[in-house]
Amino acid sequence: NNRIYGLTKGQYSPTSEVGKITKSTPMGSLDAPFNPVSLAIGAEASFVARTIDSDRKHLTEVLRQAAAHPGTALVEIYQNCNIFNDGAFDALKDPDTRDTSLLRLEQGAPYRLTPDGEETVHDPHDPDPTRAFALSRMNHPTPIGVFRSVERPVYDVQMTDQLDLAVEQHGKGDLAALLAGGDTWTVVPERSSR
């Protein structure tokens, strides 16, 4: 996510901020920015994270966890586009501002959703996505790290198990028998009435 379509020469993207001036939005973009992390959590994704390209250690750790996760993982990576949207994430990268601009999500670490809010302990393994979703909606500070990492059955494993059970119960399928079976019909051309 670099908040711009850089490869198409700087058109605004679904993650561009409202009012973004680009070649395709000379008077400013009108759409509210799309939040990939919120969408993934709202869709009950089992692994959702965010990181920054310039923090190699953090990026490597988040990608390692995503790769080890059984099932699909979404990792949003904030990445600068130095041609068409330079500085989009400067506050998150600058040594003078990053400590107050970032909320590093770590298992068991306390955080507050609002400055005067109640302190909560981060648990990405919580089966209830409510807190992970609330974190995804925060803008300042900006959370990075693993929002959600829950284990549940994986589709392709379940499908393989179903197929194995079907073979065990009914034997291996026979395509020729299926095609010549009882559920067939013959198409007869219509005769002309001349």
Side-chain angles (χ1 to χ4, degrees), residues 1-67 69 71-106 109-120 122 124 129-150:
N1 178 3
N2 52 24
R3 295 185 178 156
I4 200 82
Y5 280 141
L7 292 176
T8 57
K9 308 299 184 225
Q11 297 174 7
Y12 87 107
S13 77
T15 58
S16 295
E17 63 274 15
V18 173
K20 181 71 176 173
I21 304 289
T22 70
K23 293 175 185 177
S24 58
T25 55
M27 297 179 69
S29 63
L30 302 173
D31 292 328
F34 179 85
N35 186 324
V37 171
S38 294
L39 179 70
I41 293 169
E44 295 288 334
S46 58
F47 186 96
V48 182
R50 177 187 293 139
T51 188
I52 302 173
D53 69 334
S54 60
D55 186 341
R56 270 194 206 144
K57 184 178 179 184
H58 190 266
L59 174 66
T60 300
E61 177 56 24
V62 167
L63 291 177
R64 185 194 62 72
Q65 289 182 55
H69 181 75
T72 303
L74 175 107
V75 178
E76 179 181 35
I77 303 172
Y78 283 162
Q79 181 179 18
N80 192 47
C81 176
N82 61 348
I83 303 298
F84 296 107
N85 202 20
D86 197 23
F89 302 108
D90 279 355
L92 306 179
K93 296 177 177 192
D94 186 304
D96 295 331
T97 57
R98 72 176 167 222
D99 291 340
T100 57
S101 297
L102 287 176
L103 170 62
R104 292 182 179 273
L105 301 175
E106 297 172 9
Y111 69 90
R112 295 175 195 271
L113 284 173
T114 60
D116 58 344
E118 184 180 317
E119 193 169 87
T120 306
H122 183 56
T130 305
R131 286 192 178 134
F133 186 81
L135 282 167
S136 78
R137 305 306 300 159
M138 283 179 70
N139 291 321
H140 191 78
T142 299
I144 62 168
V146 178
F147 289 75
R148 189 153 199 245
S149 179
V150 294

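Given the structure is predicted, the values throughout are model-derived calculations rather than measurements.
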Given Tyr5 and Lys23, is the side-chain contact (heavy atoms from CB on, under 4.5 Å) satisfied, shown in steps?
-> CA-CA 11 Å; Tyr5 280 141; Lys23 293 175 185 177; over 6 Å; no
List the steps, then state whether side-chain contact (heavy atoms from CB on, under 4.5 Å) holds for Leu105 with Val146.
-> CA-CA 6 Å; Leu105 301 175; Val146 178; over 6 Å; no
Please lay out, stage by stage, how Ile4 and Gln11 fare under the test side-chain contact (heavy atoms from CB on, under 4.5 Å).
-> CA-CA 6 Å; Ile4 200 82; Gln11 297 174 7; over 6 Å; no
Given side-chain contact (heavy atoms from CB on, under 4.5 Å), test Val75 with His69 step by step and report yes or no.
-> CA-CA 12 Å; Val75 178; His69 181 75; over 6 Å; no
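Minimum heavy-atom separation, Phe133 to Gly42: CD1-N, 4.3 Å. Nearest heavy-atom pair across Ile52 and Leu92 is CD1-CB, 3.9 Å. When all heavy atoms of Ala49 and Val37 are compared, the pair lying nearest together is O-CG2, 4.1 Å.
With sequence neighbours left out, Thr142 forms a side-chain hydrogen bond (donor to acceptor under 3.5 Å, both in side chains) with no residue at all. For Thr97, the side-chain contact (heavy atoms from CB on, under 4.5 Å) test picks out Ala91, Asp94, Ser101, with sequence neighbours left out. Remark: Thr120 pairs with no residue by the side-chain hydrogen bond (donor to acceptor under 3.5 Å, both in side chains) rule, at least two apart or across chains. Considering only residues two or more places apart in sequence or on other chains, Asp31 meets the salt bridge (Lys or Arg N to Asp or Glu O under 4.0 Å) condition with none of them. The ring pair (Phe, Tyr, Trp, His ring centres under 6.0 Å) check on Tyr12 picks up nothing, with sequence neighbours excluded. Listed by chain and residue number, Asn1, Thr15, Glu17, Tyr78, Asn85, Phe89 satisfy the side-chain contact (heavy atoms from CB on, under 4.5 Å) test with Arg3 (two or more places apart in sequence, or in another chain).
Between the side chain of Arg50 and the backbone N or O of Glu76 there is no donor-acceptor pair closer than 3.5 Å. For the pair Ser29 (side chain) and Lys20 (backbone), a donor-acceptor distance under 3.5 Å is present.
Within the 4.5 Å cutoff, the side chain of Leu135 has heavy atoms near those of the Leu103 side chain. Side-chain contact check for Leu74 versus Leu39: every heavy-atom pair is 4.5 Å or farther apart. Contact of the Arg104 side chain with the His122 side chain is not registered, since no non-hydrogen atoms from C-beta on lie closer than 4.5 Å. Between Thr100 and Pro141 the shortest side-chain heavy-atom distance does not fall below 4.5 Å. With a 4.5 Å cut-off on side-chain heavy atoms, Asn80 and Asp86 count as touching.
Taking CG of Leu113 as the reference point, atom CD of Glu119 lies at 11.5 Å (rounded to 0.5 Å). For the atom pair CG (Asn2) and CG (Asp53), the distance works out to 9.5 Å, reported to the nearest 0.5 Å. Arg137 contributes atom CZ, which lies 10.0 Å from atom CD1 of Ile41 (distance to the nearest 0.5 angstrom).
Other residues, nucleotides and ligands contribute only 12 or fewer heavy atoms inside 6.0 Å of the CD atom of Glu118.
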